[in-house]
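In each ligand, atom 1 is the first atom listed, and ligand 1 is the first ligand listed.
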Amino acid sequence: MKKALKVYKFGGLSLKDAEAIKNVYNILKTHPNERLIVVVSAFAKVTDALENLVAAHMRNDGSSDAYFDIIKKRHFEVIDDLFDGEVNIKPEVQSVLDDIQFQLDKHRDKGYDLIYDQVVSRGEILSSVIVSAYFNAQGLKSNWVDARKIVITDDIYREGWVQWDETTKNAHGLIAPLLDNGGVVITQGFIGSATNGYTTTLGREGSDYTAAILSYCLDAESMTIWKDVPGILTADPKLFDNITKLDLISYREAIEMTYYGAKVIHPKTIKPLQNKSIPMLVKSFLNPEGEGTYISDEVEDHYPPIVALEKEQALVQISTRDFSFVAEHHISEIFQHIADLRLQVNMMQNSAISFSVCFNDVDDKVDRFAENMERKFKVTLIRGLELITVRHYNETTVESLKSGKMLLLEERLRNTMQMVVKNVPVIERRRGS
Ligand code: ASP
Ligand code: MG
């Protein structure tokens, strides 16, 4: 009988330098003879650097060469540290770098989002080529697969939606035979291609989602995301104290948490896994023996308060100019614009004459939305806000989170409370003033 398939995803932090990549290899080494797909992100910070490169190129202010050089140097340094000169993959990596230049020049007038995907996607190509070569040099047979030949999406750049039938067919046709032949398959997260042949991306942090897509298409036994934290925590340890690890959570809780902005997994990751009852593990690449968090159908009904914080939020308040009600047909029109821009609504509320909606303030999407709305409504746009969500909240937690913040919007459901807040500087007040 064939061994069950596992899918591992390694993010940018687990590939931040040569040492980190060696650590990834050590993790794989302890699982010999596994049928394994390894999905990798770009090296840490490379996607940001590529975004900067695209922006600089489009501004055409002469700063793009500097960004390009940073990206090149970063990869060549890792190669020098990894290979001690015996394996020469610089020419291969150089050809990907040349391709980045080529893509920048070729698509200049095809719009920002298209050019973004053609260029930013190369971060994953670079990392996977280097990591795969390293595995092979260590004697671990590694089959490099171009995810763009597998994951097919629609042609909405930067947020491609997966075409499942074609993707499943490709995964069976191209990946399954490689797994049967032995060795690991290594491929890129985050990227795919549209049926028109252009590269697309699945949205920032989308590598987790790729791992789930492949797990789904090939009926994996389990999927593991390797992170720099011990598992899924009750809040981001960089921002809060008194954090605990959740040992076991349900798909439902995971989907709710990520939907509300818990950064630990990409929000689209859970659905394909849940649909085929594929358990997901979140484990630490710093402590691979640790238990991590196990996400499955098993339901734990008592969760502690779980806090997610999203920064860079924009609140758009829309009201009628003539004091008439914001009626159903207005809301429907507002949502049509939101859907067209593929903006994600994080929170919304309406009163008689106004409708408030909170989004992640990414790119120029919120500006585009506000401009559209201004044609018809009175619009106020407030930026630089935070959205705090507490699942399984209690008053103590909520009160402590509110301190030092100005509350702009609040909503409570049975299990979830959300608030949009502005950080207010602490002003010392003298008694009587
Ligand atoms: N490299 C991409 C990003 O940084 C995808 C990912 O890491 O998941 O957004
Ligand atoms: Mg990530």
Do Thr389 and Leu387 come close enough that some side-chain heavy atom pair is under 4.5 Å?
yes
Considering all heavy atoms of both residues, which atom of Met223 and which atom of Ile278 are nearest to each other, and what is their separation?
N-CG2, 4.2 Å
Pair Ile232-Ile265, side chain to side chain contact (heavy atoms under 4.5 Å, CB included): steps then yes or no:
CA-CA 9 Å; Ile232 297 189; Ile265 327 164; 3.8 Å; yes
Any nitrogen or oxygen of Asp208, main chain or side chain, under 3.5 Å from a nitrogen or oxygen of ligand 1?
no
Please could you name the atoms of ligand 1 that Arg204 approaches to less than 4.0 Å, counting only its heavy atoms?
3 (C), 4 (O), 9 (O)
How would you list, by chain and number, every residue that makes a ring-ring contact (aromatic ring centres under 6.0 Å, His included) with His57, sequence neighbours excluded?
none
Measure the shortest side-chain to side-chain distance between Val39 and Ile186 over non-hydrogen atoms and say whether it is less than 4.5 angstrom.
no
Gly123 to ligand 1, any heavy atom closer than 4.0 Å:
no
Ligand 1 to Ser41 polar contact by distance, N or O atoms, under 3.5 Å
yes
Heavy atoms, side chains only, cut-off 4.5 Å: are Tyr251 and Lys271 in contact?
no
Check whether any heavy atom of His266 sits under 4.0 Å from an atom of ligand 1.
no
With heavy atoms of Ser207 as the reference, note each atom of ligand 1 found under 4.0 Å away.
5 (C), 6 (C), 7 (O), 8 (O)
Under a 4.0 angstrom heavy-atom cut-off, which atoms of ligand 1 come close to Phe190?
2 (C), 5 (C)
Under 4.0 Å from a heavy atom of Glu124: give me the atoms of ligand 1 that qualify, with their elements.
1 (N), 2 (C), 5 (C)
